[in-house]
Each structure stands twice: as structure tokens, then as C-alpha cells.
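Excluded from the calculations below are hydrogen atoms, water molecules and symmetry mates; all remaining heavy atoms, backbone and side chain alike, are included. Remember, predicted model here, so these are calculated numbers, not experimental data.
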Amino acid sequence: MHKVLIISDSHGLTTELDEIKKQHPDAQMIHCGDSELDIDAPELEGFTKVAGNCDFDSRYPQEQTVEIGGLRFFVAHGHRHQVKRGLMTISYRAMEEDADVVCFGHTHIAGAEKSGELLLVNPGSIRLPRLRDIKTYAILEWETPAHVNVGFRTLSGEVVEELSIHTSLK
């Protein structure tokens with residue numbers, strides 16, 4: 001079983017990042033930006049990470065593409081792709097990278113959707129959620145790309161059923 005923990009927009013939180021990491025010790029980890037921490041902060045150890053519009057450490061990459069368990073993940077904060085106006089620009093960029101999954105933040109709105117061959121995941125924010133009062137992060141789990149589960153969790157690890165989806169990739 002492959003497992004990826006996706007967090008975004010933690011805006012300076014440290015204890016919460018450590019707690020979430022402890023809840024999912026077997027997961028690969030992605031932070032979609034706006035951690036507001038230095039890139040080498042201990043709380044971000046082990047994360048694939050990118051710069052958000054509130055990250056001022058110039059060592060952060062603007063975007064990354066990583067392969068995990070047979071899936072290609074395109075990771076960007078989303079502010080440079082105008083995700084508040086729609087997902088077309090970030091989708092095109094992800095297709096250029098031959099990605100299967102797009103991980104982004106910036107809007108602070110949790111959600112996952114399949115668009116064509118792409119799975120787009122915004123984990124929401126563990127500090128300042130929008131549209132819901134629930135502070136969230138996401139967990140992707142799969143044995144094969146044909147059966148991918150996207151679950152959303154609260155800071156305490158409770159599943160947010162209404163946001164979760166099951167889909168097929170590849």
C-alpha cells in the first residue's frame with residue numbers, strides 16, 4: 001500500500017506538523033507551500049516542499065515533480081498558476097510534466113477532483129481554512145493506480161467523509 005500525506009498553508013504552525021507526521025509515520029509527505037518556515041526547519045524534514053506566496057526562503061523550489069508508487073505528482077502552491085481563478089493553468093503545467101496527480105494549495109479550500117486524466121488535490125489549510133471551519137490535510141492511498149483513495153482528515157486525524165473520493169488513474 002502506498003500512502004502520501006499532503007499538507008498546505010500551515011502558516012507558521014510547527015507542533016501541528018509534528019503531530020500529523022506522527023499519525024502517519026509510513027507516509028511519503030508533500031507540503032504545498034506557505035509553511036512560513038525555513039526550508040530546513042526540522043518540522044519540514046522528510047517533506048517534498050515548494051514555495052508559497054508567504055514563503056520567503058529563496059531556497060524553496062517553485063514547483064517539483066516526484067514519482068511515488070508508480071504515480072507522478074506535480075507539486076506547486078498554485079499562486080503562480082492563478083488557482084483562485086480556476087485549475088486550467090495548473091492542469092496544463094502538470095500535463096507538461098506528465099503528472100498523474102496535482103497537489104496544490106493557496107486557496108485554503110479542501111477538495112479533490114478528477115479532470116481528464118489528472119487528479120487534482122488541494123488539502124485545504126491546517127491553520128486558516130476557507131468555506132469550511134474544518135482544518136484539513138489529505139491522505140492518498142493506493143495499491144494500484146486503478147484504485148486511488150483520497151481522504152481528508154482534521155488536525156486530530158478524524159476522517160472528513162464528505163470530501164473523500166475514490167478514483168482510478170492510468
Side-chain angles (χ1 to χ4, degrees), residues 1-69 71-81 83-84 90 93-94 97 99-112 119-142 148-161 163-164:
M1 175 74 78
H2 303 282
K3 184 175 182 179
V4 177
L5 161 68
I6 307 167
I7 294 179
S8 190
D9 297 284
S10 52
H11 291 282
L13 297 179
T14 54
T15 304
E16 292 82 352
L17 284 174
D18 283 338
E19 288 301 316
I20 292 168
K21 284 168 59 174
K22 285 178 191 170
Q23 291 175 31
H24 306 281
D26 56 338
Q28 299 283 331
M29 299 179 294
I30 294 173
H31 196 296
C32 300
D34 276 359
S35 68
E36 295 189 41
L37 302 174
D38 286 340
I39 196 168
D40 53 5
E43 296 82 8
L44 292 176
E45 186 177 337
F47 279 93
T48 295
K49 43 200 173 257
V50 294
N53 56 299
C54 295
D55 291 318
F56 301 109
D57 184 333
S58 62
R59 297 174 291 167
Y60 277 105
Q62 291 300 315
E63 53 188 45
Q64 290 203 60
T65 302
V66 295
E67 189 153 333
I68 303 169
L71 296 177
R72 283 181 63 85
F73 288 75
F74 175 73
V75 183
H77 185 58
H79 62 297
R80 293 175 175 245
H81 303 91
V83 296
K84 288 185 177 180
I90 200 167
R93 180 69 186 109
E97 292 293 314
D100 302 300
V101 181
V102 181
C103 301
F104 68 100
H106 190 54
T107 66
H108 296 216
I109 300 169
L119 173 61
L120 296 111
V121 180
N122 184 328
S125 173
I126 62 169
R127 177 144 201 175
L128 302 163
R130 294 189 182 128
L131 296 186
R132 289 183 173 82
D133 290 335
I134 305 168
K135 299 173 181 182
T136 57
Y137 62 94
I139 298 284
L140 266 70
E141 294 179 297
W142 69 99
V148 177
N149 289 307
V150 183
F152 290 83
R153 306 277 177 98
T154 65
L155 277 177
S156 61
E158 296 172 44
V159 175
V160 183
E161 289 291 341
L163 293 175
S164 301

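- The shortest heavy-atom contact between P129 and S125 is N-CB, 4.0 Å.
- Under a cut-off of 6.0 angstrom, the local environment of CD in E45 is sparse, with at most 12 non-hydrogen atoms contributed by other residues, nucleotides or ligands.
- Proximity of V159 to I139: side-chain heavy atoms (C-beta onward) are nowhere separated by under 4.5 Å.
- Note: F104 CZ to R93 CZ = 16.0 Å, rounded to the nearest 0.5 Å.
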Starting from the C-alpha separation in whole Å, work towards a yes-or-no answer on side-chain contact (heavy atoms from CB on, under 4.5 Å) for V83 and H77. CA-CA 9 Å; V83 296; H77 185 58; over 6 Å; no

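- Of all heavy-atom pairs spanning S156 and E158, the tightest one is OG-OE2, 3.1 Å.
- Within the 4.5 Å cutoff, side-chain heavy atoms of E63 are placed close to those of H81.
- The OH atom of Y60 sits 7.0 Å away from the CG atom of D38 when rounded to the nearest 0.5 Å.
- Listed for the H108 side chain is a donor-acceptor partner under 3.5 Å among the backbone atoms of L128.
- With hydrogens and angles disregarded, no donor-acceptor distance shorter than 3.5 Å links the side chain of Q62 to the backbone of A76.
- The main-chain N or O of I30 is never found under 3.5 Å from a side-chain atom of T48 such that the two would form a donor-acceptor pair.
- Smallest separation of non-hydrogen atoms from S8 and G33: OG-O, 3.5 Å.
- Contact record, T65 with F74: OG1-CD1, 3.6 Å, taken as the closest heavy-atom pair.
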Could you walk me through whether L163 and I134 satisfy the side-chain contact (heavy atoms from CB on, under 4.5 Å) test, starting with their C-alpha distance in whole Å, then the side-chain angles of each, then the deciding distance to 0.1 Å, before giving a yes or no? CA-CA 11 Å; L163 293 175; I134 305 168; over 6 Å; no

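- Across L44, I20, L5, a single residue satisfies side-chain contact (heavy atoms from CB on, under 4.5 Å) together with M29, and that is L5.
- A side-chain contact (heavy atoms from CB on, under 4.5 Å) with H31 holds for exactly one of V50, I6, I7; it is I7.
- In this structure the side chain of V148 never reaches within 4.5 angstrom of the side chain of D100, judged on heavy atoms.
- When atom types are taken as modelled, the side chain of Q23 and the backbone of L155 share a donor-acceptor pair closer than 3.5 angstrom.
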Might you work through the salt bridge (charged side-chain N to carboxylate O under 4.0 Å, His left out) test for E16 and K135, ending with a clear yes or no? CA-CA 11 Å; E16 292 82 352; K135 299 173 181 182; over 6 Å; no

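- Atoms NZ and CD1, on K84 and I109 in that order, are 8.5 Å from each other to the nearest 0.5 Å.
- Checked by atom type and distance alone, the side chain of R130 pairs as donor or acceptor with a backbone atom of T107 at under 3.5 Å.
- Taking all atoms of both residues into account, the shortest heavy-atom contact from P61 to I39 is CD-CD1, 4.2 Å.
- Closest heavy-atom contact between F152 and V121: CZ-CG1, 4.4 Å.
- Taken to the nearest 0.5 Å, the NE2 atom of H79 stands 10.5 Å off from the CD1 atom of I90.
- One N or O on the side chain of K21 and one on the backbone of E43 form a donor-acceptor pair closer than 3.5 Å.
- The number of heavy-atom neighbours closer than 6.0 Å to CZ of R72, taken from other residues, nucleotides and ligands shown, is above 12.
- In this structure, the side chain of D55 engages the main chain of S35 through a donor-acceptor pair within 3.5 Å.
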Criterion side-chain contact (heavy atoms from CB on, under 4.5 Å) on N53 and H106, from CA distance to verdict: CA-CA 8 Å; N53 56 299; H106 190 54; 3.1 Å; yes

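- In this structure a side-chain-to-backbone donor-acceptor pair under 3.5 Å is missing from W142 to L71.
- The backbone N or O of D34 sits nowhere less than 3.5 Å from a side-chain atom of D9 that would complete a donor-acceptor pair.
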